[in-house]
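Labels below follow one simple rule: chain letters A, B, ... track the order of the sequence lines, proteins then strands, and each chain is numbered from 1.
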Amino acid sequence: MPEKMPPAYDHEQVEDKWYDYWLKEDVPSAELDRDREPFCIVIPPPNVTGSLHMGHALDNTIQDLLTRWKRMQGYAALWLPGTDHAGIATQNVVEKMLEEEGKTRHDLGREKFLEKTWEVADEHHDVIIGQLQRLGCTPDWSRERFTLDEGLSDAVREAFVTLYEEGLIYRGARMINWCPRCSTGLSDLEVEHMDDAGHFWHMRYPSPDGGPGVMVATTRPETMLGDTAVAVHPDDERYADLIGETVILPLMDREIPVVADELVDPEFGTGAVKVTPAHDPTDLAIAQNHNLDRVVVIGEDGKMTDESGQFAGMDRFEARREIVSALEEQGLLEGIEEHHHKVGHCSRCDTIVEPLISEQWFVAMEKLAADGLRAVDDGLVRFVPERWTKVYREWLENIEDWCISRQLWWGHQIPAWWCTRCNQWIVSREDPTECLSCGVTGLVQSPDVLDTWFSSGLWPFSTLGWPEETEELDFWFPTSVLVTAYDIIFFWVARMIMDSMHFMGEQPFDNVFIHGLVRTEDGQKMSKSLGTGVDPLELIDEYGADALRFALMQMITHGQDLRYSEDRVVGARNFCNKLWNMTRFVTMNLEDAPDEKIDLSQSDLSLADRWILSRHHRMLETIDRELTRYNIAQATDALYEHIWSEFADWYVELAKGDLYDPETPDRKAITQEVLRTVLSGILRALHPIMPFITEELWHRLKEDAGSIALAEFPMADEEMF
RNA sequence: GGGCGGAUAGCUCAGUGGCAAGAGCACCUGCCUUACACGCAGGGGGUCGCAGGUUCAAGUCCUGCUCCGCCCACCA
């Protein structure tokens, strides 16, 4: 006899027990079994920058649900877990910790700083794994990976060297986004363009003969110190006479030419553009058309360089103020307008980025992008919902080369060594001890590390063993589905597809299921720093993991952001209680059930029996159909509706008549069989969403069934009835 | 400047051209009926953003517009 069930479900009595049981029973482990169909999901590796938020809870519940569902259907289902070192993000977290002690990373030095970062990363890793387990997630822990572990580092090196050998990675001086605070180059994606309130300063560059010269307008007066020309549109009649002439650059007393260039928009500002080739991408393009000099006036530290005359050494924004007042004193400032414009900020530390010409490593994107486009054009990768394909396409069609080197410490150091004698880079799979050309020893490795997304791009195959030709790759690759939010389609999804097409010759995954972001009840972004974040663990403590999972799965929409509301979790907790009490009722009424299982297909079923069995079948079909289409909320709702409105409200109520009538023992036996059959089917179907309570209730039901064998739980590929 | 998404009950949202538009929460009225008050039975509440059009039939398809949100882009 099972112990008596209390009248309310208490998740705390259940959850840890079953997670330990799953580990003991090896439930998460995926067996490479060629007699079964492969199914594989690789986790979007959480950053080891902190703990998991609601978005992770959502994303990982979906993956756990899909994995459990496939596992129950008999697939060789692998959900491969891991974490991401998250280069710049983690480095920033550690730098902020040091800042509180009044230190910078340079006070520690590279080695000590990395030691500290490993400590922080390990700590966060353990928190993250604990959180996934509390959530009930069952990825195959024996295959867990980290983007900085040995195997993945080998994969990174293999990818880098191969691309270099193919001429797809090159080093060059190009204009990039520079964060003076992080003191590193950034990729275009790592810059957030924010609509900042600024000013539009109109200033006059007079003619050498003392004439009026030309009026230019700028939002960044400090760059004027590096001007080497003024540009106007070739067809702009206002300035026709000036083209080919020169003007005097104020404050620097430099004579600079007026050039004509199609890139100038005559409608904007004064129609005359000050040209600062070293600090603006458009200006650089103009400079290249006219062979203009580049004068670097802003350094990597965000301070004015020695080329800045009297402003040398000033912070760039201090210089801006000083220059404006200096121009004003000289009567050359002819107007200030309020001006809202997009200003690039470092996505990690919010500092205003500075466009600089810098020597960096780049990935040439043209060929890779073509491969990436082919993947969707040939239907190798399918986005769900389909509309994201267009977003993906448009990004790839307009892509620029990718700056992959970072002047940071936390990450994969670039496998390139400088030979001072030959003045060339040696890029190699093995750490070279001497120059391959001249044999000189004492080569120095580039101190730079790779953009963190370089390693994540390889994730779907590096985690399965690439560049080794492993059995795992052969069996599980391409993986089945990638589950992620839309905000990293460019950063990550696109790069995985390109890399996979390039290195593996096939797609990394057949489907990409894109979901939205979890927002607060009033639609704000959830953010720890804004205090709008909700900690999934607190909800699990209060309502249980199953309630949280169920609520999240009910809220999923296709690529639409979802608003989190605690009411949903309360509702899901109530649903758990309903389920608990349904099972309590059924087990109480099964105590005197016959020892022999009744074959319902040979029984004289009542209308109610036939109705609930048919509804039950319909529900199972709906689940399968909707999950196949990634309509997770629809599947979840179908369960809820069937369990509560059909089974509990109607069948269980109707069953009471038969159960309590001593005159009709045959009827009662059939009813008992139907109750047991439908309830066990419900528990199985619900298990991928609510694994803890269903496992508990299943075992209670099974115990109660005595000698009658129920199909093994949670395997559902056996006969349901 | 380009692109995308949304606008359906007080709130959050389902709704895959066709029975009288749905759910959860909230609200109202009864019920502690021995599985469950985290519950049961019942109820009120919507000109489906606006204007046209296609169709026997439109919340659903087409066109235009309004408002909200997001993404991309080197307009100084």
Side-chain angles (χ1 to χ4, degrees), chain A residues 5-10 175 177 188-189 191-193 198 200-202 216-221 223-224 227 230-231 263-276 279-286 339 341-342 344 355 385 387-388 390-391 393-395 397-400 486-487 489-490 516-517 519 521-523 525 543-544 547 551 554-589 625-626 629 631 633-634 636-638 640-641 644-645 648-649 652-653 655-656 659-660 675:
Chain A
M5 289 174 75
Y9 173 56
D10 179 3
M175 183 152 294
N177 305 291
D188 296 343
L189 285 178
V191 176
E192 276 179 43
H193 297 273
F200 210 24
W201 283 276
H202 292 249
V216 296
T218 183
T219 55
R220 295 193 295 153
T223 62
M224 68 159 293
D227 285 1
V230 169
L263 288 170
V264 178
D265 177 3
E267 305 293 318
F268 190 79
T270 65
V273 185
K274 55 184 279 310
V275 180
T276 323
H279 297 288
D280 184 276
T282 310
D283 293 8
L284 180 60
I286 294 173
H339 187 67
H341 61 143
K342 295 281 186 182
R387 65 189 162 84
W388 292 107
K390 194 177 171 189
V391 176
R393 284 198 61 102
E394 277 170 17
W395 187 67
E397 282 166 359
N398 300 296
I399 198 163
E400 300 279 335
Y486 61 75
D487 59 340
I489 291 177
F490 304 146
L517 308 176
R519 294 186 172 274
E521 204 154 2
D522 50 2
K525 209 171 172 176
Y543 302 106
Q554 271 185 309
M555 289 192 285
I556 294 187
T557 52
H558 271 190
Q560 206 68 30
D561 286 348
L562 47 103
R563 295 196 184 188
Y564 163 77
S565 153
E566 192 159 336
D567 284 349
R568 300 303 287 251
V569 187
V570 172
R573 188 272 320 263
N574 295 350
F575 179 58
C576 288
N577 198 243
K578 188 72 185 178
L579 199 65
W580 177 265
N581 276 291
M582 272 167 44
T583 308
R584 194 155 80 102
F585 173 83
V586 172
T587 53
M588 282 166 82
N589 287 286
R625 185 182 64 241
E626 299 301 339
R629 297 173 182 172
N631 287 333
Q634 279 84 332
T636 307
D637 282 342
Y640 186 89
E641 168 78 11
W644 202 315
S645 308
D649 288 351
V652 169
E653 291 305 319
K656 287 175 181 173
L659 293 171
Y660 300 155
L675 283 170

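- Pair assignment for B/rC36: none, as no Watson-Crick or G-U wobble contacts are both less than 3.5 Å.
- In this model, a side-chain donor or acceptor of A/Glu653 finds a partner on the base of B/rA35 within 3.5 Å.
- In the set B/rG3, B/rA35, B/rA76, the nucleotide with an atom closest to the side chain of A/Glu394 is B/rG3.
- The same atom, P, is picked in B/rU8 and in B/rC48; the two are 11 Å apart, to the nearest Å.
- Across all strands shown, A/Tyr543 has no heavy atoms under 4.0 Å from either base or sugar-phosphate atoms.
- Across the P atoms, B/rG49 and B/rU12 are found 15 Å apart, a figure rounded to whole Å.
- Between A/Lys390 and the phosphate of B/rC4, there is a side-chain N or O to OP1/OP2 separation shorter than 4.0 Å.
- Residue contacts for A/Val652: at a heavy-atom cut-off of 4.0 Å it reaches a base atom on one of the strands shown.
- Nearest nucleotide to the side chain of A/Asn574, out of B/rU16, B/rA35, B/rC38: B/rC38.
- In this structure, A/Phe490 reaches the sugar-phosphate backbone alone: every heavy-atom distance under 4.0 Å involves primed, P, OP1 or OP2 atoms, never a base.
- Among the protein residues, A/Val570 comes within range of no part of the nucleic acid, since none of its heavy atoms lies under 4.0 Å from any strand.
- Within 4.0 Å of A/Asp637, counting heavy atoms only, lies no atom of the nucleic acid at all.
- Among the protein residues, A/Arg625 comes within range of no part of the nucleic acid, since none of its heavy atoms lies under 4.0 Å from any strand.
- B/rC4 and B/rC62: their P atoms are spaced 13 Å apart (whole Å).
- Listed nucleotides B/rG3, B/rC75, B/rA35 differ in distance to A/Met588; the shortest reach to its side chain belongs to B/rA35.
- Ranking B/rC74, B/rU12, B/rA35 by closeness to the A/Arg563 side chain, first place goes to B/rU12.
- Between A/Tyr486 and A/Trp388, the ring planes are parallel. Angles under 30° get that label, and only those over 60° would be called perpendicular.
- Using Watson-Crick or G-U wobble geometry with both donor-acceptor distances under 3.5 Å, B/rC4 finds its partner in B/rG69.
- OP1 and OP2 of B/rC72 both lie 4.0 Å or more from every side-chain N or O belonging to A/His193.
- Across the P atoms, B/rC56 and B/rG42 are found 41 Å apart, a figure rounded to whole Å.
- Nearest nucleotide to the side chain of A/Lys578, out of B/rC38, B/rC36, B/rA76: B/rC36.
- Residue A/Gln634 has its side chain nearest to B/rG15 when only B/rG15, B/rA76, B/rA35 are considered.
- Comparing the same atom, P, in B/rU47 and in B/rC67 gives a spacing of 23 Å after rounding to whole Å.
- Residue A/Tyr564 has no polar side-chain atom (N or O) positioned under 4.0 Å from OP1 or OP2 of B/rC25.
- Separating the CZ atom in A/Arg563 from the CE atom in A/Met555 is a distance of 12.5 Å, to the nearest 0.5 Å.
- Among the atoms of the strands shown, none is found under 4.0 Å from any heavy atom of A/Val391.
- Within the 4.0 angstrom heavy-atom criterion, no nucleotide atom of any strand lies near A/Ala231.
- The A/Tyr640 side chain lies nearest to B/rG24 when the options are B/rA76, B/rA41, B/rG24.
- Across all strands shown, B/rU12 forms a Watson-Crick or G-U wobble pair, both distances under 3.5 Å, with B/rA23.
- Minimum atom distance to the side chain of A/Thr282 is reached by B/rC74, of the listed B/rC70, B/rC74, B/rC72.
- Of the nucleotides present, none pairs with B/rU54 by Watson-Crick or G-U wobble criteria with both distances under 3.5 Å.
- Nucleic acid contact class of A/Asp487 (heavy atoms, under 4.0 Å, all strands): none.
- For B/rC38, its base sits under 3.5 Å from the side chain of A/Arg573 at one donor and acceptor pair at least.
- When distances run from any side-chain atom of A/Gln560 to the nucleotides B/rA41, B/rG6, B/rA76, the shortest one goes to B/rG6.
- Judged by Watson-Crick or G-U wobble contacts below 3.5 Å, the nucleotide B/rG44 has no partner.
- Phosphate proximity of B/rC38 to A/Trp644: absent, as no side-chain N or O sits under 4.0 Å from OP1 or OP2.
- By the 30° and 60° cut-offs, the orientation of the rings of A/Trp395 relative to A/Phe490 is parallel.
- Across the P atoms, B/rU55 and B/rU60 are found 16 Å apart, a figure rounded to whole Å.
- For B/rA14 and B/rA7, the C1' atoms lie 15 Å apart once the distance is rounded to whole Å.
- If you check B/rC75, B/rA35, B/rU12 against the side chain of A/Phe268, the one that comes closest is B/rC75.
- Here the separation of B/rC13 from B/rA51, taken at their C1' atoms, is 27 Å to the nearest Å.
- Using the six-membered ring where Trp is involved, A/Phe575 and A/Tyr640 have ring planes that are tilted, between 30° and 60° apart.
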